[in-house]
Undergrad: 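Structure incoming, see below.
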2 protein chains.
Amino acid sequence: MSTAGKHGRLRTRGGTRERVVEATLGLFNERGPDRVTTAEIARTVGINEGNLYYHFRTKESLVLALFARFEADAETFAVRALGGGSGEARTYEDLLSDWFRLVWAYRFLFRDLLALAGTMPALATPFRKMSARMRGVVEALLRRMIEEHIVNVPKDDIEPLLANVWIVSTYWAVYLNLQKGIDEMDAGHLDWGLNQVSHLFKPFLIPTGSADVFPLSTRREPDST
Amino acid sequence: MSTAGKHGRLRTRGGTRERVVEATLGLFNERGPDRVTTAEIARTVGINEGNLYYHFRTKESLVLALFARFEADAETFAVRALGGGSGEARTYEDLLSDWFRLVWAYRFLFRDLLALAGTMPALATPFRKMSARMRGVVEALLRRMIEEHIVNVPKDDIEPLLANVWIVSTYWAVYLNLQKGIDEMDAGHLDWGLNQVSHLFKPFLIPTGSADVFPLSTRREPDST
DNA sequence: GTCTATACTCTGATAGAC
DNA sequence: GTCTATCAGAGTATAGAC
């Protein structure tokens, strides 16, 4: 996922720069960029504020670094989902799971996009571009599922279904975070989200003797700790 | 929706206080409380900043005033939806439409709740309480629809369906706002949102000769201006 | 009720020594 | 690369005259 540091230094688990990025992601996800100060980031990493500004001359560049990382991860996902690189075909469930992990890992981008776009208009367009790209991926996957006779979706239902899939798979994390008060994710929460999206497809599933593509059973409400 | 001012003054369309609340709601919806300064609010209303602080001694009290207004409107909706007050039974579509207008009118509350909870922890619990209340309303409506043989939802699908209904009907506005770049809503956008929620129910509708409960036809993508 | 003037705090950012 | 000041600006809030 991340490079190993240009000098191959493995002492403190990556160079200062990487540690800053990692810590910032955690803090941003927790409270949003606007409610995290540079002083706090420096303190979390264990360095001085002046040092932080040596690595990132503006707070904005920190956000951009995180978005670039996300974009790269998302593109990797897209290629894998469309069956580009590796020959190993993954299940639809695995792909969905990967996407969910990604959305959760960078959830501040989805949640606080408006605030970000306010201070950094340069981010709005790339974000929508990525958004459209991912939507395209989901659409391609759905059409493949239709071809493979896994689901049967009437033509007029495809568009609305795609939009709902996008909404639920984008905002499930925010929903759990805000409405349920969950701020730390475990496997159960991820399962919950997967289950929600699965249920969007369920009515269209073509009955089959073998195991289902999506996991639609034995799922419960996540614990609202 | 709002009172007429304690002196019945109708000169400038409500007293200064009401005009402040109204202007603030507009600005908050547009950019979020963190990106709107008290100076800007005063300027928008056409009064001095000092005067603004006469009516609202803190910025926080402004947010609270708006939330209180929303809570009241939401409760009015809940009572009407559950068939409490007026005897006139409204269609499910009308109720959904009312709720959508409400979510849109106060969309900053849904979108920026995390940032708000950060500065105002007192708001988190009331928000979740309201959230649960509305969820209860939707659940009651769904069970009534099942009783009236309008829909047929398998027992195990009820919970996930309710959650998806809540997610889509809560975040449709945010989705249009952020992903599509729409910041002004017209009837078409509201229709689009209604259509998305309708499609969640569609697979469970019991076929009938008469007109459907939900509008499921001739809807298109909203114009992304 | 409304305005003028001003205080205070927080935070992003820079300069320069080590 | 890292730390020690230190600044400049923005933004909330108050005091007091009108």
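Every value quoted in this text rests on a predicted model; they were computed, and no experiment measured them. Here is how names work: the chains are called A, B, and so on, in the same order as the sequence lines, proteins then strands, and each is numbered from 1.
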Undergrad: Go through the side-chain N and O atoms of B/Y106 and B/N29 and say whether any donor and acceptor fall under 3.5 Å apart.
TA: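 The answer is no; no qualifying pair exists.
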Undergrad: Going by the rule salt bridge (Lys or Arg N to Asp or Glu O under 4.0 Å), which residues pair with A/R35 if we only count those two or more places apart in sequence or in a different chain?
TA: B/D34
Undergrad: Taking only residues two or more places apart in sequence, or in another chain, which ones meet B/F67 in a ring-ring contact (aromatic ring centres under 6.0 Å, His included)?
TA: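 In terms of ring-ring contact (aromatic ring centres under 6.0 Å, His included), with neighbours along the sequence ignored, B/F67 is linked to no residue.
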Undergrad: Quickly work out the A/Y54 OH to D/dG1 C1' distance and round it to whole Å.
TA: 6 Å
Undergrad: Evaluate whether atom CZ of B/R144 has more than 12 neighbouring non-hydrogen atoms of other residues, nucleotides or ligands under 6.0 angstrom away.
TA: yes
Undergrad: Would you kindly give the CG-to-P distance between B/N48 and D/dA15, to the nearest whole Å?
TA: 16 Å
Undergrad: Could you grab the distance from atom CD of A/E71 to atom CG of A/L109, nearest 0.5 Å is fine?
TA: 10.0 Å
Undergrad: Pairs under 3.5 angstrom, nitrogen or oxygen only, protein versus nucleotides 6-12 of chain D, please.
TA:
{"unit_1": "D/dT12", "atom_1": "OP1", "unit_2": "B/K59", "atom_2": "NZ", "d": "2.8"}
{"unit_1": "D/dT12", "atom_1": "OP2", "unit_2": "B/T38", "atom_2": "N", "d": "2.9"}
{"unit_1": "D/dT12", "atom_1": "OP2", "unit_2": "B/T38", "atom_2": "OG1", "d": "2.9"}

Undergrad: Between the protein and nucleotides 16-18 of chain C, which nitrogen or oxygen pairs come in under 3.5 angstrom?
TA:
none

Undergrad: Using whole Å, report how far CZ of A/R43 lies from C1' of C/dC10.
TA: 13 Å
Undergrad: Under the side chain to side chain contact (heavy atoms under 4.5 Å, CB included) test, which residues partner B/V21, sequence neighbours left out?
TA: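 Testing B/V21 for side chain to side chain contact (heavy atoms under 4.5 Å, CB included), a comparison that skips the adjacent residues, returns B/F56, B/L66, B/R69.
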Undergrad: Is the Lys NZ or Arg CZ of B/R107 less than 6.0 Å from the centre of B/W104's six-membered ring, within 45° of the axis?
TA: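 Verdict for B/W104: a cation-pi partner in B/R107.
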Undergrad: Tell me which nucleotide among D/dG1, C/dC3, C/dT2 gets nearest to the side chain of B/H55.
TA: C/dT2
Undergrad: Go through the structure and list residues passing side chain to side chain donor-acceptor pair (under 3.5 Å) with B/E60, not counting sequence neighbours.
TA: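 Side chain to side chain donor-acceptor pair (under 3.5 Å) check on B/E60 returns nothing, list empty.
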Undergrad: Looking only at side-chain atoms of B/N51, point me to the closest of C/dG1, D/dG1, D/dC3.
TA: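 Nucleotide nearest to B/N51's side chain: C/dG1.
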